[in-house]
Amino acid sequence: MSKYDMLNPEQREAVFYTEGPLLILAGAGSGKTRVLTHRAAYLIEEKGVNPYHILAITFTNKAAGEMRERIDDMVGFGAESIWVSTFHSCCVRILRRYIDRIGYDNNFSIYDADDQKHVMKEIVKRLNINTKMYKERAFLNAISSAKDELIGPEEYKSRTGGDLPKEQTARVYREYQEVLRKNNALDFDDLIFKCVELLQKDPQVLESYQERFQYIMVDEYQDTNTAQFQLIRLLAGKYRNLCVVGDDDQSIYRFRGANIQNILSFEEQYPDAKVIKLEQNYRSTQNILDAANAVIKNNRGRKDKALWTEEQGGEKVHFQQFETAYEEADFIAGDVARLERKGIFDYGESAVLYRTNAQSRLLEEKFVSRNIPYRIIGGVNFYSRKEIKDILAYLKTIDNGSDDLAVKRIINIPKRGIGATSINRVQTYADEQGISFFEACRMTEQIPKIGKAAGKIQGFVNLIRVLRAEIPELGIQRVTEKLLEETGYVEDLKAEHDEEADARIENIDELISKIADYEDTAEEPTLGEFLDEVSLVADIDSLEDDKNYVTLMTLHSAKGLEFPNVYMAGMEDGLFPSYMTITADDPTELEEERRLCYVGITRAKKRLTMTAARTRMQRGEMQYNRTSRFLKEVPEELLEGQLVKQKERPIYQQANTGYAAARKALHGKDSYAAMRPRKEFGNASEIPKPAYQVGDRVRHRKFGDGTVTAMTAGGRDYEVTVDFDTAGTKKMFALFAKMVKL
DNA sequence: GGAGAGGCCTTTTTT
DNA sequence: AGGCCTCTCC
């Protein structure tokens with residue numbers, strides 16, 4: 001009996017089909033990781049392929065690590081020379097070797113979102129751009145999207161078509177790219193972009209990697225963007241042994257440039273491609289799958305498929321709506337505790353999924369007060385905390401002084417009396433001489449008007465110099481500890497004597513142990529490599545399977561994971577699907593939200609609970625939400641639950657009690673009006689008509705004054721389009737917008 | 001040059 | 001509601 005006998009016929013077919021392009025459409029829970037790992041084993045053991053010639057690409061380090069581990073277990077010998085890596089780390093590896101061929105230095109730094117913002121701020125200031133009109137964030141988003149599409153500054157400029165804001169963006173883009181170049185830095189998107197550029201411009205490098213990667217596998221293919229698609233196309237260009245695995249129904253990263261067409265039109269790109277569908281699900285009960293199938297079938301533009309399982313029946317999908325988000329959170333924490341007490345699910349078997357990170361706060365509170373062990377994924381990344389970034393900036397400076405941003409970040413931390421004025425003087429000198437900021441720091445005696453600051457800067461330079469010299473002898477950990485001593489960083493925090501400072505100290509300790517861990521496990525530890533790894537870490541990477549805590553995370557983070565007991569919190573229109581997508585002109589945005597819902601449902605193995613709240617604080621404002629439209633897409637017979645669980649109900653809700661009302665609110669047409677407090681909207685059964693009409697001038701709290709250009713009765717509320725004088729044209733629901741006629 | 005106060009904006013999701 | 005930025009005053 002071989003290990004391949006355990007696979008079902010489709011899986012086996014996918015494993016054995018090794019030559020030429022192959023598309024595996026793998027539904028949720030259909031065992032795709034299993035197929036990929038078996039396939040690697042098959043290539044090595046049965047086809048005699050040298051593992052050195054195999055590349056497997058994933059999106060997260062966690063996925064890469066798991067795949068590596070499973071292949072190692074299966075193959076035993078030689079598997080370690082397979083490249084299993086994320087898109088980003090794969091590109092970093094290639095670029096560290098060859099980027100000098102396209103005009104960067106091989107010891108480039110990698111900028112994170114924070115660094116990008118700093119750079120953008122400088123540029124916006126320098127170009128005198130009114131950030132009230134054009135936000136830094138908007139520029140960065142535009143640049144990021146352009147890079148995802150492999151559009152460089154020049155090409156961007158040529159495509160503006162005379163559109164003024166785009167011309168502006170083109171200018172900013174060019175500047176931004178110049179600053180990065182000057183700082184010898186790449187941002188996240190550049191890692192892919194520059195790698196493609198390198199492969200396109202240098203046939204020698206391309207040839208060597210094509211020759212190396214004779215067999216390529218790509219996981220989560222539906223999430224690839226154009227740049228990643230090109231990268232793969234180039235690498236696989238010679239041998240064409242390209243196996244991509246994905247599920248168009250789980251494509252949820254369009255905002256990050258993912259192009260669902262990459263998977264939908266794979267067969268056009270590779271006409272000789274073999275297509276294999278994996279539809280048997282090994283994860284969930286039939287009821288959960290039915291719910292998932294019922295929701296996703298409302299999407300158009302998808303490859304037709306339906307999951308099935310041998311696990312018939314199962315629990316129904318639980319549903320409850322609460323008065324407030326507070327009660328919702330309390331219920332979830334209580335339910336988790338109850339199931340644990342009864343011995344049905346351990347804490348580690350439960351997960352709470354939500355649409356926005358902000359929702360985690362209330363849940364966290366309730367988990368704390370009930371003493372339930374939990375873990376929140378996402379929110380503020382460990383490596384973006386201030387104290388961690390400070391220390392990493394020191395380490396970057398020690399490693400390679402060419403990262404101006406890092407140097408400037410810590411030149412006055414702790415306070416050395418080097419302020420903005422001195423920094424500017426140094427920068428001016430650096431600009432004049434065409435040298436880096438740090439190099440300029442070493443020549444303070446040449447800098448005009450630097451005065452007393454010269455000595456202070458010298459002190460800083462000497463500190464770095466000494467630490468740098470000690471790296472080879474002492475190693476990273478010892479040097480980091482020494483750096484903390486010399487700067488008094490931890491001591492200062494200790495002196496603060498408050499909780500926040502204590503938390504920071506804990507984080508620093510954690511960083512130290514991560515460094516120690518790296519030095520223990522890496523073959524040839526170097527500071528540079530450590531910094532690379534650290535900058536490519538994702539939140540999800542820190543999730544450990546064997547710990548017994550409840551996991552709280554966004555629906556996005558949950559992709560690829562599974563839990564016996566899953567809660568989907570905040571099933572409310574306006575939150576999920578988000579307000580943005582409801583009001584968007586483009587219906588495919590709503591489809592993307594629906595896919596997200598599908599991802600959420602299919603995470604559950606045994607038990608799924610959906611919850612909603614009638615009222616919730618959003619952005620400091622009280623929102624009244626009706627239940628999510630996605631909930632209504634789940635057939636009634638699969639649902640079980642009640643609408644309101646609370647002691648007293650306000651008068652306007654008294655008609656809506658019990659299960660019958662729950663169904664009515666879920667599936668009925670008039671539920672929206674019934675949910676609204678009377679005092680605000682008059683007769684609850686009528687659609688409240690706004691006090692303004694088309695052509696009127698109105699005022700909005702945030703967007704200012706504008707003219708109403710359109711108004712349609714959109715079923716339960718009026719949808720109003722307003723052309724604002726300064727904020728552009730917005731489409732919104734009258735009840736939410738609360739605008740007044742002028 | 002640094003600390004503190006007040007105003008403003010944000011969030012949908014992230015490698 | 002909270003974080004960040006800017007302004008002001010020392």
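- For A:M553 and B:dT13, the CE to P distance is 15 Å, given to the nearest whole Å.
- The side-chain hydrogen bond (donor to acceptor under 3.5 Å, both in side chains) test applied to A:K194 returns A:E197, not counting sequence neighbours.
- Shown here are the side-chain hydrogen bond (donor to acceptor under 3.5 Å, both in side chains) partners of A:K389, two or more places apart in sequence or in another chain: A:D112, A:D115.
- With distances taken from any side-chain atom of A:M580 to the nucleotides B:dT14, B:dT12, B:dT15, the minimum falls on B:dT12.
- A search for salt bridge (Lys or Arg N to Asp or Glu O under 4.0 Å) contacts involving A:E364 returns nothing, not counting sequence neighbours.
- Computed from coordinates, the A:D187 CG to B:dT14 P distance equals 18 Å when rounded to whole Å.
- Taking for each of A:F59 and A:R355 the nucleotide of DNA chain B with the nearest heavy atom, the 5'-most of the two is the partner of A:R355.
- At least one side-chain nitrogen or oxygen of A:S557 sits closer than 4.0 Å to the OP1 or OP2 atom of B:dT14.
- Residues A:D390 and A:Y489 bring a donor and an acceptor atom of their side chains to less than 3.5 Å of each other.
- Comparing B:dT15, B:dT12, B:dT13 by their closest approach to the side chain of A:H556 singles out B:dT13.
- Taking the ring pair (Phe, Tyr, Trp, His ring centres under 6.0 Å) definition, one finds that A:F530 meets it with A:Y518, sequence neighbours left out.
- Among the protein residues, A:S422 comes within range of the sugar-phosphate backbone only, with heavy atoms under 4.0 Å from sugar or phosphate atoms but none that close to a base.
- Side-chain atoms of A:A358 lie closest to B:dT11 of the nucleotides B:dT15, B:dT14, B:dT11.
- Between the NZ atom of A:K147 and the P atom of B:dT15 there is a distance of 18 Å, given to the nearest Å.
- Remark: the A:S628 side chain and the A:E572 side chain contain no N/O donor-acceptor pair separated by less than 3.5 Å.
- A:E592 comes within contact range of no nucleotide atom at all, as no heavy-atom separation falls under 4.0 Å.
- A:K62 places its NZ atom 13 Å from the P atom of B:dT15, with the value rounded to the nearest Å.
- Here B:dT15 presents its C1' atom at 15 Å from CG of A:N141, a figure rounded to the nearest Å.
- Considering only residues two or more places apart in sequence or on other chains, A:F87 meets the ring pair (Phe, Tyr, Trp, His ring centres under 6.0 Å) condition with A:F59.
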Taking N or O atoms only and anything under 3.5 Å, show me the protein contacts with nucleotides 2-5 of chain C, one pair per line.
from, atom 1, to, atom 2, distance (Å)
C:dC5, OP1, A:K121, NZ, 2.5
C:dC5, O5', A:K121, NZ, 3.2

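- In this structure A:E593 satisfies the salt bridge (Lys or Arg N to Asp or Glu O under 4.0 Å) test together with A:R355, sequence neighbours excluded.
- Partner of A:L353 under the side-chain contact (heavy atoms from CB on, under 4.5 Å) criterion, out of A:R603, A:Q359, A:M610, A:H556: A:R603 alone.
- In the set B:dT13, B:dT15, B:dG2, B:dT15 carries the atom at the smallest distance from any side-chain atom of A:T60.
- The side chain of A:T554 contributes an N or O atom lying less than 4.0 Å from OP1 or OP2 of B:dT14.
- Contact between the side-chain N/O atoms of A:N357 and the OP1/OP2 oxygens of B:dT13 is found at a separation under 4.0 Å.
- For DNA chain B, the neighbouring residues in residues 252-263 of chain A, judged by any heavy atom under 4.0 Å, are A:Y253, A:F255, A:R256.
- Atoms CD (A:Q116) and P (B:dT14) sit 16 Å apart, rounded to a whole Å.
- The interatomic distance linking A:L186 (CG) with B:dT15 (P) rounds to 19 Å, in whole Å.
- The CD atom of A:E220 sits 14 Å away from the C1' atom of B:dT14 (whole-angstrom rounding).
- Nucleic acid contact class of A:N412 (heavy atoms, under 4.0 Å, all strands): sugar-phosphate only.
- Applying the ring pair (Phe, Tyr, Trp, His ring centres under 6.0 Å) test to A:F367 and every residue at least two apart in sequence or in another chain returns nothing.
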